[in-house]
Amino acid sequence: MLISFSMFEDNKKIEELLHQIFKKILVLNPSKDAFSYWIAITTTILEFDQKMEKLWKQEKQAALESMKAAKIMKMTHE
């Protein structure tokens with residue numbers, strides 16, 4: 001998603017986003033639960049720029065299609 005974002009934004013904006021992500025991580029409580037970390041990171045990314053929501057939806061759709069294709073391949077090659 002960050003690579004896609006970098007295709008239409010300059011490096012300074014990408015650096016700002018990365019800085020915000022790392023700042024968010026620094027204030028999180030240590031935990032073995034990765035879920036809270038990913039929620040914080042995802043929220044930071046989505047709130048950074050409106051374009052990120054569209055990219056997020058595209059990435060999510062691509063992941064769903066990939067999983068569907070993998071299931072079909074598994075069923076046909078068993």
Side-chain angles (χ1 to χ4, degrees):
M1 198 164 66
L2 293 176
I3 293 171
S4 297
F5 189 62
S6 72
M7 292 181 177
F8 52 84
E9 291 295 343
D10 63 7
N11 287 345
K12 187 171 181 156
K13 194 154 186 178
I14 302 300
E15 288 176 16
E16 171 67 23
L17 174 55
L18 289 172
H19 180 70
Q20 286 188 21
I21 291 169
F22 290 131
K23 272 182 25 180
K24 177 68 77 172
I25 291 169
L26 285 173
V27 297
L28 292 174
N29 289 325
S31 171
K32 292 181 181 181
D33 177 26
F35 183 75
S36 60
Y37 282 89
W38 283 114
I39 290 295
I41 291 168
T42 301
T43 302
T44 302
I45 291 170
L46 292 175
E47 291 176 348
F48 181 74
D49 190 293
Q50 289 181 332
K51 297 171 192 160
M52 295 307 275
E53 185 177 346
K54 182 179 178 183
L55 292 173
W56 178 262
K57 288 178 182 178
Q58 290 172 348
E59 292 282 332
K60 193 172 181 179
Q61 183 63 35
L64 291 172
E65 290 172 7
S66 176
M67 287 187 291
K68 184 178 178 181
K71 285 180 185 178
I72 291 170
M73 287 181 67
K74 181 180 178 187
M75 289 171 40
T76 58
H77 293 294
E78 285 186 344

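Excluded from the calculations below are hydrogen atoms, water molecules and symmetry mates; all remaining heavy atoms, backbone and side chain alike, are included.
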Task: Verdict with supporting geometry, I45 and W56, side chain to side chain contact (heavy atoms under 4.5 Å, CB included) - done: CA-CA 9 Å; I45 291 170; W56 178 262; 5.7 Å; no
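- Shown here is K60, whose NZ atom has no more than 12 heavy atoms of other residues, nucleotides or ligands within 6.0 Å.
- Taking a 6.0 Å sphere around CD of E53, one finds it holds 12 or fewer heavy atoms contributed by other residues, nucleotides or ligands.
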For residues 17-31, which side-chain donor-acceptor pairs fall under 3.5 Å, sequence neighbours excluded?
| unit_1 | atom_1 | unit_2 | atom_2 | d |
| --- | --- | --- | --- | --- |
| Q20 | NE2 | E16 | OE2 | 2.9 |
| S31 | OG | D33 | N | 2.9 |

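- Taking CG from L2 and CD from E9, the interatomic distance works out to 12.0 Å, rounded to the nearest 0.5 Å.
- Tracing side-chain contacts under 4.5 Å through hydrophobic residues (I, L, V, M, F, W, Y), one never reaches I14 starting from M7; they form parts of separate clusters.
- Heavy atoms of other residues, nucleotides or ligands lying less than 6.0 angstrom from NZ of K54 number 12 at most.
- Clustering ILVMFWY residues whenever any of their side-chain heavy atoms sit less than 4.5 angstrom apart, transitively, puts L55 in a cluster other than the one holding L64.
- S66 places no side-chain N or O within 3.5 Å of a backbone atom of A62 that could act as its donor or acceptor partner.
- Other residues, nucleotides and ligands contribute at most 12 non-hydrogen atoms within 6.0 Å of the CZ atom of F35.
- Annotation: side chain of S4 is in contact with side chain of E59 (closest heavy-atom distance under 4.5 Å).
- The CG atom of D10 sits 8.0 Å away from the NZ atom of K12 when rounded to the nearest 0.5 Å.
- Transitive grouping of hydrophobic side chains (ILVMFWY, heavy atoms separated by less than 4.5 Å) keeps I39 and Y37 in distinct clusters.
- Annotation: side chain to side chain donor-acceptor pair (under 3.5 Å) contacts of Q50 (sequence neighbours excluded): none.
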